[in-house]
Amino acid sequence: MATIDVEGVDVSFPIYHGNSRSLKRTVFAAASKRLQQDGRHRIVVQALRDVSLHLRTGDRLGLIGGNGAGKTTLLRTLAGIYEPVVGSVHVHGNIGALLDPNLGMNPELTGRENIALRGLYSGLPRAAIRRLEDDVQEFAELAEFLDLPVRFYSSGMVIRLGFALATAIRPQVLLMDEWFLAGDAAFMERARGRLEDMVRGAEILVLSSHSVPVILDWSTRVIWLDQGRIMADGPPQEVMDRYHGVAAPEANPEISLVDQSTSA
């Protein structure tokens, strides 16, 4: 049985002023009072602050919030990409992460070699890797490009290969960010059935999206994040209404709200 247990997690990133991204992050963090100093006297951004959640088989969790709220950081922390500086994360069950079309791919290898690499990483035997290759090749429709290094691919081709690879192996815990909705309309129309089949097969789903219909259709529970903190946690429509300012918190007793007097 798949489980996720997150207890009191903080995630912070040090600020370096070598590029425009870190400068932008510094300005944003200063405006939102998320700058702190760590034990090594570095200025850091608090990306997640005191986040706790517990999920069991059958749970479908949607993450909502504005840009920079901490949704992607939480997904990457669940995937083991980021390590918390405080708190603990325990995930039981094999993980599938649709977080970045380039995730786990080596741009110097061909598409076919990347498929084999993913199969080996997943512990598949040789025969299963051949079936994986056939499945990805048929779905991604890369033709002769499958035998070229991925660095020569267009962004759309990378997305098709990444999507096909990410959805070919069925996980117990499925983590999804918004990139899965990217791509041309014809591709996404064909991909939707494959994606929905994968969602149905997962024991636990954690999904981040700005799309209200996607969140409401695929979630049984929603967490609203803001400035790295959980603002509300409860049934999808009620939390979505709260997020958009439609419903007053006291009118929705099922929603768990953070005491704003404690927010930094």
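What you see below is based on every heavy atom in this structure, not just the backbone, and it leaves out hydrogens, waters and symmetry mates.
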*SB check R229 D50 (cutoff 4.0 Å)*: no
*Please report the shortest heavy-atom distance between V9 and S88, naming the atom on each side.*
CG2-O, 3.4 Å
*Atom of Y153, atom of V158 and distance for their closest heavy-atom approach*: CB-CG2, 3.6 Å
*Would a hydrophobic clustering, with Ile, Leu, Val, Met, Phe, Trp and Tyr connected at side-chain separations under 4.5 Å, put L124 with M105?*
yes
_Checking the side chain of T57 only, and the main-chain atoms of A2 only, is there a donor and an acceptor separated by less than 3.5 Å?_
yes
*How about M240 and V212: do any of their side-chain heavy atoms sit closer than 4.5 Å?*
yes
_If you compare all heavy atoms of G8 against all heavy atoms of S52, which two are closest, and at what distance to 0.1 Å?_
N-OG, 2.7 Å
*Donor-acceptor pair, S219 side chain versus V222 backbone, under 3.5 Å?*
no
*Stepwise, does the side-chain contact (heavy atoms from CB on, under 4.5 Å) test hold for R242 with E238?*
CA-CA 6 Å; R242 171 63 178 154; E238 281 88 338; over 6 Å; no
*asked:* Looking at R112 and E133, is any side-chain nitrogen of the basic one under 4.0 Å from a carboxylate oxygen of the acidic one?
replied: yes
_So does S209 get a backbone contact from the side chain of K71, meaning a donor-acceptor N/O pair under 3.5 Å?_
no
*Do the side chains of V206 and M176 get nearer than 4.5 Å, heavy atoms only?*
no
*According to a 4.5 Å side-chain heavy-atom criterion applied to Ile, Leu, Val, Met, Phe, Trp and Tyr, with indirect links allowed, do M157 and F152 form part of one hydrophobic cluster?*
no
*Which is it for V173 and E203 under the side-chain contact (heavy atoms from CB on, under 4.5 Å) test, yes or no, and what are the steps along the way?*
CA-CA 6 Å; V173 177; E203 293 183 32; over 6 Å; no
*Check ion pair R76-D177 (N to O, under 4.0 angstrom)*: no
*May I ask you to test the L205-D59 pair for a side-chain heavy-atom distance under 4.5 Å?*
no
*Q137 versus L142: any side-chain heavy-atom pair under 4.5 Å?*
no
*Look up atom CD1 in I115 and atom CG in L109, then write down how far apart they are to the nearest 0.5 Å.*
11.5 Å
*Backbone N or O of I215 within a donor-acceptor pair of the R60 side chain at under 3.5 Å?*
no
*Taking N94 for its side chain and Q172 for its backbone only, find out whether a donor-acceptor pair lies under 3.5 Å.*
yes
_With rounding to the nearest 0.5 angstrom, report the CD to CZ distance, E108 to R151._
4.5 Å
*Does the side chain of E7 come under 3.5 Å of the side chain of H54 through a donor N or O and an acceptor N or O?*
yes
*Please check if L146 and I129 belong to a single hydrophobic cluster, counting links between Ile, Leu, Val, Met, Phe, Trp and Tyr side chain heavy atoms closer than 4.5 Å.*
yes
*asked:* Side chains of I223 and L53, heavy atoms from C-beta outward: is any pair under 4.5 Å?
replied: yes
*Assess the side chains of D147 and T110: does a donor N or O sit below 3.5 Å from an acceptor N or O?*
no
*From Q227 CD over to L48 CG, what is the distance, rounded to the nearest 0.5 angstrom?*
12.5 Å
*CG on D135 to OG1 on T167, rounded to 0.5 Å*: 7.5 Å
_Tell me the closest heavy-atom pair linking A47 and F13, and the distance in Å._
CB-CE1, 3.4 Å
*Determine, step by step, whether M198 and R170 satisfy the side-chain contact (heavy atoms from CB on, under 4.5 Å) criterion, reporting the C-alpha distance in whole Å, the side-chain angles of both residues, the deciding distance to 0.1 Å, and the verdict.*
CA-CA 6 Å; M198 186 180 186; R170 304 303 168 90; 4.0 Å; yes
*Taking side chain as C-beta onward, heavy atoms only, is L98 less than 4.5 Å from L174?*
yes
*Does the distance from a Lys or Arg side-chain N to an Asp or Glu carboxylate O, for R56 and D5, drop under 4.0 Å?*
yes
*For atom CD of E83, decide whether the heavy atoms of other residues, nucleotides or ligands shown that lie under 6.0 angstrom number more than 12.*
no
*L225 side chain near I230 side chain, heavy-atom distance below 4.5 Å*: yes
*Between G228 and V51, which heavy-atom pair has the shortest distance, and what is it?*
O-CG2, 3.6 Å
*Measure from the side-chain N and O atoms of R49 to the backbone N and O of Q46, and report whether any donor-acceptor pair falls under 3.5 Å.*
no
*Heavy atoms, side chains only, cut-off 4.5 Å: are W218 and V199 in contact?*
yes
*Does NZ or CZ of R194 come closer than 6.0 Å to the centre of the six-membered ring of F139, within 45° of the ring's axis?*
yes
*Report whether I169 and L120 are members of the same hydrophobic cluster (ILVMFWY, side-chain heavy atoms less than 4.5 Å apart, transitive linking).*
yes
*Could you grab the distance from atom OG of S208 to atom CG of L61, nearest 0.5 Å is fine?*
10.0 Å
*For the atom pair CG (L165) and CG (L117), what is the distance rounded to the nearest 0.5 Å?*
9.5 Å
*Could you state whether I95 and V89 fall into the same hydrophobic cluster, counting links through intermediate Ile, Leu, Val, Met, Phe, Trp or Tyr residues with side-chain heavy atoms under 4.5 angstrom apart?*
yes
*Residues L63, L75; criterion side-chain contact (heavy atoms from CB on, under 4.5 Å); working and verdict*: CA-CA 9 Å; L63 303 177; L75 287 172; 4.1 Å; yes
*Kindly give the heavy-atom pair with the smallest separation between V239 and D233, and that separation in Å.*
CG2-C, 4.0 Å
